[in-house]
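To start, the structure under review is shown below, and the notes come after it.
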Protein chains: 2
Amino acid sequence: MGAGTSEGTTRRGRPGYDQETLVRRAVEVFNRRGYDATSVGDLASELGLTKSAIYHHVPSKEHLLSLALDDALDSLEVVIDAAVRESPAMSAYESLRTAVRRSVEVLVDKLPSVTLLLRVRGNSAIELQALERRRHIDEQLAGLVRSAVAEGALRDDVSPELISRLVFGMVNSLTEWYRADGDVDVAVLADAVVSLAFDGLALPQA
Amino acid sequence: MGAGTSEGTTRRGRPGYDQETLVRRAVEVFNRRGYDATSVGDLASELGLTKSAIYHHVPSKEHLLSLALDDALDSLEVVIDAAVRESPAMSAYESLRTAVRRSVEVLVDKLPSVTLLLRVRGNSAIELQALERRRHIDEQLAGLVRSAVAEGALRDDVSPELISRLVFGMVNSLTEWYRADGDVDVAVLADAVVSLAFDGLALPQA
DNA sequence: CCTACCGATCGGTAGG
DNA sequence: CCTACCGATCGGTAGG
């Protein structure tokens with residue numbers, strides 16, 4: 001990174017978009033209108049520049065998608081890998097609680113790119129690669145659930161695979177409604193998700 | 001309906017698609033490739049007929065979407081209305097359990113059209129109308145949760161709105177992975193969802 | 001970062 | 001007489 005460009009207000013060259021800003025704003029538009037329904041011309045209009053200006057920063061519309069999906073996947077992989085690695089030292093039950101909590105935090109922190117990721121259906125090679133990385137994450141989470149059930153820490157009347165899908169289905173559903181400017185605090189949300197997932201919504205028996 | 005056309009094999013005219021079959025098959029393609037990413041030409045190729053044949057059955061691509069969304073919304077509204085109406089006779093807690101269970105059953109029964117519905121983002125007047133009907137359903141469900149909390153039947157340390165969103169987020173996530181030809185039975189699935197939502201995944205205390 | 005374009009494909013409709 | 005379709009093409013717009 002060149003001197004003086006790392007942060008703050010000093011920049012050389014024409015003021016405007018850098019690639020990171022372009023990706024961030026593009027993801028917002030993709031989420032609002034749908035990736036396929038958004039033409040590069042639409043994108044240019046919404047961002048106040050021309051199609052060619054966009055092609056100055058990225059070689060294709062799909063590369064824009066790829067950068068956004070990598071942002072989401074990288075963050076998710078970090079927290080899931082960490083939870084899986086701590087599993088031998090800690091109980092799988094505790095690692096699973098950590099994984100759920102950290103997943104909520106990543107979803108909130110990287111909401112736009114994770115939202116885009118969760119809407120990918122595999123319509124191109126890039127989307128298929130992203131789905132493959134997602135599948136690997138899902139398998140690691142299912143493994144944690146299996147271990148926690150094997151420890152005797154979780155109920156065994158529902159299969160670990162089904163538990164994993166339903167719990168992380170609940171977590172991922174955050175992207176459907178959570179807004180950073182809303183009235184739901186991240187910590188409150190993460191507590192609620194972990195508590196609902198593990199304790200359910202019936203009254204505490206105690 | 002004319003004599004002899006109601007069911008069975010006797011039909012007049014050329015054998016082929018009727019509107020209902022067209023909608024059903026189109027929804028499968030829309031879910032696989034995405035509504036916006038599917039051209040009427042794509043659709044025609046996959047269905048083994050021509051674009052003009054499709055326009056014989058429906059006036060527009062959007063009308064095809066509209067028919068599918070109505071199919072999903074009608075079914076969802078039936079079960080939610082029923083749960084809300086039984087609420088005075090029964091406890092809100094019991095009505096909510098019923099609503100969750102019946103919602104799972106509708107999602108499985110109408111999986112393709114509900115999947116399409118849950119992916120709608122409001123890119124057209126028809127999509128906005130569908131989102132409005134969804135919002136009304138969500139409000140009725142949130143009302144049931146509020147009543148159940150007010151009855152003292154549900155925990156009150158998480159807001160009813162958040163409970164509603166997370167529980168039905170879990171329910172709706174079924175569309176991401178459930179397949180009718182898979183190894184998860186509907187009754188088993190409905191039991192698992194209701195039990196996980198109300199009791200959580202920790203070991204039963206008893 | 002723009003103007004000026006391309007090969008192709010879009011949703012929709014004609015007559016038969 | 002109807003339902004179910006076909007081959008060809010319309011005016012516009014897509015990503016690049």
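Values in this document were obtained by computation on a predicted structure and should not be read as measured data. Worth knowing before you read on, the calculation uses all heavy atoms, side chains too, and leaves out hydrogens, waters and symmetry mates. We name chains A, B, ... by the order of the sequence lines, and we start the count at 1 in each one.
Listed candidates were C:dC2, C:dG11, D:dG16. Nearest to the side chain of B:Val40 is C:dG11. Taking the side chain of B:His56 as heavy atoms from C-beta on, and the options D:dA4, D:dG15, C:dC2, the nearest nucleotide is D:dA4. In this structure, of C:dC2, D:dG16, C:dG12, it is C:dG12 that holds the atom nearest to the side chain of B:Ser60. Checking D:dA4, C:dT3, C:dG12 against every side-chain atom of B:Asp18, the shortest atom distance belongs to D:dA4.
Look at the C1' atom in both D:dG12 and C:dA8: the space between them is 13 Å, to the nearest Å. The C1' atoms of D:dT9 and C:dG11 are separated by 13 Å, rounded to the nearest whole Å.
With respect to the salt-bridge test (charged N to carboxylate O, under 4.0 angstrom), the residues B:Arg121 and A:Glu176 qualify. The pair A:Arg165-A:Asp138 does not count as a salt bridge, with every side-chain nitrogen at least 4.0 angstrom from each carboxylate oxygen. Using a cutoff of 4.0 Å between basic side-chain nitrogens and carboxylate oxygens, A:Arg133 and A:Glu77 are scored as salt-bridged.
Look at B:Tyr55 and you'll find a side-chain N or O under 4.0 angstrom from OP1 or OP2 of C:dG12. Residue B:Thr50 places at least one side-chain N or O closer than 4.0 Å to OP1 or OP2 of D:dC6.
Rounded to a whole Å, the CD atom of B:Gln19 is 10 Å from the P atom of D:dA4. Atoms CG (B:Leu22) and P (D:dA4) sit 11 Å apart, rounded to a whole Å. Distance B:Glu20 CD to D:dT3 P: 17 Å, rounded to the nearest Å. Counting to the nearest Å, the C1' atom of D:dT3 and the NE2 atom of B:His57 are 8 Å from each other. Taking atom NZ on A:Lys61 and atom P on D:dG15, their separation rounds to 5 Å, with Å as the unit. Computed from coordinates, the A:Leu43 CG to C:dC1 P distance equals 14 Å when rounded to whole Å. The distance from atom CG of A:Leu49 to atom C1' of C:dT3 is 15 Å, rounded to the nearest whole Å. Rounded to whole angstrom, the span from the CG atom of B:Asp42 across to the C1' atom of C:dC10 amounts to 10 Å.
Cation-pi geometry between A:Lys61 and A:Tyr55 is not met at under 6.0 angstrom from the ring centre and within 45 degrees of the axis. With A:Phe198 as the aromatic partner, A:Arg97 meets the cation-pi criteria of under 6.0 angstrom to the ring centre and within 45 degrees of the ring axis.
Under 3.5 Å, the side chain of B:Lys51 and the base of C:dG11 form at least one donor-acceptor pair of N or O atoms.
The distance from the CG atom of A:Asp199 to the CG atom of B:Asp199 is 10.5 Å, given to the nearest 0.5 Å.
Side-chain polar atoms of A:Gln140 and A:Asp81 form a donor-acceptor pair below 3.5 angstrom. In the model, A:Ser39 has a side-chain atom that pairs as donor or acceptor with a side-chain atom of A:Asp42 under 3.5 Å.
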Let me have DNA chain C in dot-bracket notation, would you? Count Watson-Crick plus G-U wobble pairs, both distances under 3.5 Å, and use [ ] for pairs crossing earlier ones and | for inter-strand partners.
....||.|..|.|.|.

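Note on A:Ser39: only backbone sugar-phosphate atoms sit closer than 4.0 angstrom, heavy atoms only; bases stay farther off.
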